[in-house]
Amino acid sequence: MRALVGTFLFFLSISCLAVQSVKGLERYNQKGNAGTPCVQAFVNADPLNYGTFISKKSKGILTVSKDNLTKIYFNVTLKSNIGKKDEPPVYLRFIKQKALDINELLEYAEEGDEIYIEEFVSSLNKIDLNCAPASFMVSDNL
């Protein structure tokens with residue numbers, strides 16, 4: 001009898017945990033315009049259009065704005081494929097920047113590398129999962 005009751009309670013607890021975990025994931029599903037960046041990047045006050053190329057020879061100060069707030073703190077990630085074929089990419093991060101000389105970032109970049117810019121948030125609880133980072137590709141030919 002104990003084995004039967006124990007088995008019943010075991011399956012009941014597993015099914016409750018399964019339902020609970022599905023509900024917990026709902027808040028992490030991206031909705032709406034997850035492909036549109038929530039931040040706007042600028043080099044010397046000239047806006048950079050996300051999804052475009054940035055020249056390796058660019059010079060100036062990188063700043064970011066969001067929702068009419070200028071010069072917010074931001075993170076920049078350079079995703080570089082400098083490794084050999086079939087090796088994972090190398091990531092270089094500049095965290096909590098208010099302004100960044102673009103040369104400091106581009107000196108590590110190669111043709112085809114990707115740059116991601118996102119708002120700096122001090123706590124994981126404040127992250128807006130509906131915001132995609134602004135992204136750019138590095139080019140030698142511009």
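- Clustering ILVMFWY residues whenever any of their side-chain heavy atoms sit less than 4.5 angstrom apart, transitively, puts L69 in the very cluster that holds V39.
- At a threshold of 4.5 Å between non-hydrogen side-chain atoms, the residues E111 and S139 count as touching.
- By the neighbour-count criterion of 12 heavy atoms within 6.0 Å, atom CZ of F120 is densely surrounded, having more than that number from other residues, nucleotides or ligands.
- Looking only at distances, no side-chain donor or acceptor of K79 sits under 3.5 Å from a matching main-chain atom of I115.
- A donor-acceptor pair under 3.5 Å is formed between the side chain of Q40 and the backbone N or O of L48.
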- Item | S58/L106 under side chain to side chain contact (heavy atoms under 4.5 Å, CB included): CA gap, chis, key distance, verdict | CA-CA 8 Å; S58 296; L106 293 175; 3.9 Å; yes

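- We find the CG-SG distance between D67 and C38 to be 7.5 Å, quoted to the nearest 0.5 Å.
- At a threshold of 4.5 Å between side-chain heavy atoms, the hydrophobic network of Ile, Leu, Val, Met, Phe, Trp and Tyr places L105 and I72 in one connected group.
- Side chain of N44 to backbone of D46: no donor-acceptor contact under 3.5 angstrom is found.
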- Begin from the C-alpha positions of N103 and K59 and carry the test side chain to side chain contact (heavy atoms under 4.5 Å, CB included) through to its verdict. CA-CA 6 Å; N103 291 329; K59 297 190 183 306; 4.0 Å; yes

- Checking side chain to side chain contact (heavy atoms under 4.5 Å, CB included) for the pair L78/D113: CA distance, chi angles, key distance, verdict? CA-CA 7 Å; L78 173 66; D113 288 353; 3.9 Å; yes

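- Distance CD/E114 to OH/Y91: 8.0 Å, rounded to 0.5 Å.
- Salt bridge E118/R93: present, at least one basic N to carboxylate O contact under 4.0 Å.
- Within 6.0 Å of the NZ atom in K98, the count of heavy atoms belonging to other residues, nucleotides or ligands exceeds 12.
- A pairwise comparison of heavy atoms in G112 and M137 identifies O-CE, 3.3 Å as the closest pair.
- Hydrophobic cluster membership is shared by L92 and V138, with clusters built from Ile, Leu, Val, Met, Phe, Trp and Tyr side chains linked at under 4.5 angstrom.
- Minimum interatomic distance between V76 and F74 (heavy atoms only, all atoms of both residues): CG2-CE1, 3.3 Å.
- The shortest distance between side-chain heavy atoms of T52 and F136 falls below 4.5 Å.
- To the nearest 0.5 angstrom, F42 atom CZ is 9.0 Å from T70 atom OG1.
- Separation of atoms NZ (K96) and OG (S122) is listed at 7.5 Å; rounding is to 0.5 Å.
- Exactly one of L100, I117, L62, T77 qualifies for a side chain to side chain contact (heavy atoms under 4.5 Å, CB included) with F94. That residue is L100.
- Using modelled atom types, no side-chain atom of E104 and backbone atom of I102 make a donor-acceptor pair closer than 3.5 Å.
- With contacts defined as side-chain heavy-atom distances shorter than 4.5 Å, the pair S80/Y108 does not qualify.
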